[in-house]
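Written below as structure tokens is the structure these notes are about.
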Amino acid sequence: MDVSHIFDQLNDAQRDAVAAPPGPMLVLAGAGSGKTRVLTHRVAWLVEAQQVSPLSILAVTFTNKASHEMRGRIEGLLGFPVNGMWMGTFHSIAHRFLRVHWREAGLEQGFQILDSDDQLRLIRRTLRQLNLDEGYWPPRQVQWYINAHKEEGRRPHHIPESEDRQQRELCRIYKTYEELCQRFSLVDFAELLLRTHELLDTNEPLRTRYQERFRHILVDEFQDTNSIQYHWLKLLAGANRNIFVVGDDDQSIYGWRGARVENILKFEKDFEGTTVVRLEQNYRSTGNILKAANAVIDHNRGRLGKNLWTQDDEGEPVKVYAAFNETDEARFVIDRIGRWVDAGNARRDVAILYRSNAQSRVFEEVLLDVGMPYRVYGGLRFFERAEIKDALAYLRLVSRRQDDPSFERVVNVPTRGIGNKTLDQVREYARVNQLSMWDAARALLHGHELSSRAILALTRFLELIDGLADNCRGLTLAEQVEAMLKASGLVAHHQKEKGEKAEARVENLEELVSAARNFEHDPEDGQDPLAAFLSHAALEAGEGQAEQWEDCIQLMSLHSAKGLEFPLVFLTGLEEGLFPHQRSFEEPGRLEEERRLCYVGMTRAMRELYLTYAEVRRLHGREAYTSPSRFLGEVPTDLVTEVRGGSALTRSGGRDFRSPAAEDAAAPSMRLGRHVKHSTFGDGVVLNIEGRGEYARVQVNFETVGSKWLVLAYANLEVV
DNA sequence: GGGTTAACCTTTTTT
DNA sequence: AGGTTAACCC
């Protein structure tokens, strides 16, 4: 068979990787070096040239987006769909596995997935049950504790008995949380992985079966695997050792959620005779951008070492802009985008990147102001919205009455006269008799503990759910969702509210019906359509906004930008404390991760890269002075041009980025936003600085007399 | 029991 | 600042 089309567009190193003989294979692929290409071509090569059945291939990615893209590209290469291939995120594959083997895994058939928000709620409930104070045991920290242990493969009984009372107590919370999960048949994200691993580890026939089935395993973004995922891969790769992993230690940015870069080093030891291929030719960025990014990442110790090069021209220098504040930063960025678009370029080719999602707001405001279409990735996802989760909780309850968290969530939403007093009694009855809330409520209807009003209200709720379950038989998924929205009164509830937000909620609920209608359910996967839809909602939270084909500016966090590329990139908010983030200062390891994040951001740019920072930034409601990020200082000055306002000035010499720009422009003691005192005008805030030396003037907004321009040399301002 | 206001807490990144 | 939960009044 002619397989030349698989090799046509590859360079030598890529070709070596794609056509490597069976056995363990580690591809160290720098940013923009054709990582996904190697992976997809490898699959195509296995299937076409080696006659490997897609059924015996397992391909793992980290994000749903990457998985969809990979499938599309493989099918494009092969020219036919690869339905039988197991391909998806670690979590979705684990879920698929547990669905088939729910019995062996000790689960109920209809088990549901907890997303982080659900998990947090359940932890709160656990704390309540143990009579622990949330103030003393912050639920988020408990959540972190539990997930960290699960990601390392530790159950409560694996945790060594500690001298520390607090540690012992945390372990007890973990244990109780697990019991609740088991009782309600709920599985959190980390549990999906851990259960799968334990099942493969202890059940030898099953392990052998899957080892024989998955003759070839391919892993994308290998630097992001955590302990449990790595062990899982080792188990599956088993004796045949056909495991092909692709990764880049410089792009490891998920250490905070348990990813272990060391897995790259361990891989070579654990799989003896590993072939290592390095992909160092970058096909994405200009010479200057690449040199700048290389220079930054070079400040990290503990790298495997790799230097990207390109045949591309030097291109434009990297541009740096020092903004007065975050609004000025946004205006500058959008002004530059305006010029870019005026020059005939597409808006979709521009990305605004930031460290944390909260930073998108200012950009959104300015974009709305100038009427430029944009799209924000990340942030609140569709299936994470409160009203959607309410609706899903109804559906979960219809599908499984024993789901206590869902029961609690919607029993009184919209309000139907089932208050805390009634619920406390139900909870107590459930606890004493080891029943679910549902069964406890039903039992209490026939007792004398509840008031007649409560009994009436509860009866109506139970009948509502039972009635829905009855009526849903034979209906399509979308019809079921519609029936639920109507009967529960959720839509009516939000329609009664006023304000834009309420309207958006109603629209979202309507959108849920469309989502159900468009949901493609594979009849072979063994779940009923409703259950499949619910897992889909938990596993794939959906994009923040509906897919838009309009040509618009892309806004996203640095983390979600990984794997993407854009001709024009703005990397914003380069300030100490913001990026690198405050919480990375404590450990050097965290700081290096921030630097890798910076590297990821810079290497997204193909033709032009802007780095911006603000001298004053409003954060958490406080105005704060900032100093430029250390990462700015790590870019060699000859690659950079500093831009001010409208005109670009070439930087002369290496200015120290740690000293704010306004200081050398005017008097050393004056800075924008600084509070000052004048002998006659009183207290005020510096709005603007102009000129230098004895001609320096400042604009001050005084509390009593408003804004005035003053010549600094005569004004005798006192810094407060 | 329901609705409003006040205090409070959090606020990195994502499956 | 923003959103959420707890206290408080109707």
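Quick note on labels: first sequence line is chain A, next is B, and so on, each numbered from 1. The model shown is predicted, which means the values in this text are computed figures rather than measured ones.
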Could you run down the sub-3.5 Å N/O contacts of the protein with nucleotides 7-10 of chain C?
none

Out of [options], whichever nucleotide has its closest atom nearest the side chain of [X]:
X: A/N357; options: B/dT15, B/dT13, B/dG2; value: B/dT13
X: A/W256; options: C/dG2, B/dT13, B/dG1; value: B/dT13
X: A/F189; options: B/dG1, C/dA1, B/dT15; value: B/dT15
X: A/H559; options: B/dT13, C/dA1, B/dG1; value: B/dT13
X: A/S557; options: B/dT15, C/dA1, B/dT14; value: B/dT14

Have a look at [X] and say if it touches a base, only the backbone sugar-phosphate, or nothing, with a 4.0 Å heavy-atom cut-off.
X: A/S584; value: nothing
X: A/S116; value: base
X: A/R416; value: sugar-phosphate
X: A/H581; value: sugar-phosphate
X: A/D115; value: nothing
X: A/D224; value: nothing

For this session: Look at the side chain of A/N412 and the backbone N and O of A/I418, then say whether any donor-acceptor pair between them is shorter than 3.5 Å.
Result: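 Yes: the side chain of A/N412 pairs with the backbone of A/I418.
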Exercise. If you draw a 6.0 Å radius around CZ in A/R331, do more than 12 non-hydrogen atoms from other residues or ligands fall strictly inside?
Worked result: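 For A/R331, atom CZ is not crowded (no more than 12 foreign heavy atoms under 6.0 Å).
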Exercise. Charged N to carboxylate O under 4.0 angstrom, A/E593 versus A/R596?
Worked result: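 Here A/E593 pairs with A/R596 in a salt bridge, since their nearest N and O are under 4.0 Å apart.
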Could I get the full list of ring pair (Phe, Tyr, Trp, His ring centres under 6.0 Å) partners for [X], not counting sequence neighbours?
X: A/H149; answer: A/Y145
X: A/Y354; answer: none
X: A/W86; answer: A/F214

For this session: Would you say whether A/Y254 stacks on B/dT14? The test is a distance between ring centres of less than 5.5 Å and an angle between planes of less than 30°.
Result: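 According to the criterion (under 5.5 Å, under 30°), no, A/Y254 does not stack.
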Problem set entry | Option among A/Y599, A/F579, A/Y613 that satisfies the ring-ring contact (aromatic ring centres under 6.0 Å, His included) test with A/F631 |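 The ring-ring contact (aromatic ring centres under 6.0 Å, His included) with A/F631 is passed solely by A/F579 among A/Y599, A/F579, A/Y613.
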Exercise. Starting at the 5' end of DNA chain B and moving along, which residue's nearest nucleotide shows up first, A/E384 or A/R140?
Worked result: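 Nearer the 5' end of the strand: A/R140.
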Exercise. Starting at the 5' end of DNA chain B, which residue's closest nucleotide do you reach first, A/R453 or A/L539?
Worked result: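 Mapping each residue to its closest nucleotide by heavy atoms, the 5'-most match is A/R453.
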Exercise. Quantified in whole Å, what is the C1' atom distance between nucleotide B/dT13 and nucleotide C/dT4?
Worked result: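 My reading of the C1' atoms in B/dT13 and C/dT4 gives 22 Å.
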Exercise. Within the structure, does a side-chain N or O atom of A/N412 lie under 4.0 Å from either OP1 or OP2 of B/dG2?
Worked result: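 Answer yes for this pair, as a side-chain N or O of A/N412 is under 4.0 Å from OP1 or OP2.
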Please tabulate the protein-to-nucleotide N/O contacts below 3.5 Å involving nucleotides 3-6 of chain C, giving atom names and distances.
| unit_1 | atom_1 | unit_2 | atom_2 | d |
| --- | --- | --- | --- | --- |
| C/dG3 | OP1 | A/K501 | NZ | 3.1 |

Exercise. With a 3.5 Å cut-off and no angle check, do the side chains of A/Q143 and A/Q141 form a donor-acceptor pair?
Worked result: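 No donor-acceptor contact under 3.5 Å links the two side chains.
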Problem set entry | Partner set under salt bridge (Lys or Arg N to Asp or Glu O under 4.0 Å) for A/D328, not counting sequence neighbours |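 A/D328 satisfies salt bridge (Lys or Arg N to Asp or Glu O under 4.0 Å) with no other residue.
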For this session: Check the angle between the aromatic planes of A/F97 and A/Y210 and answer parallel, tilted or perpendicular using the 30° and 60° thresholds.
Result: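 Perpendicular.
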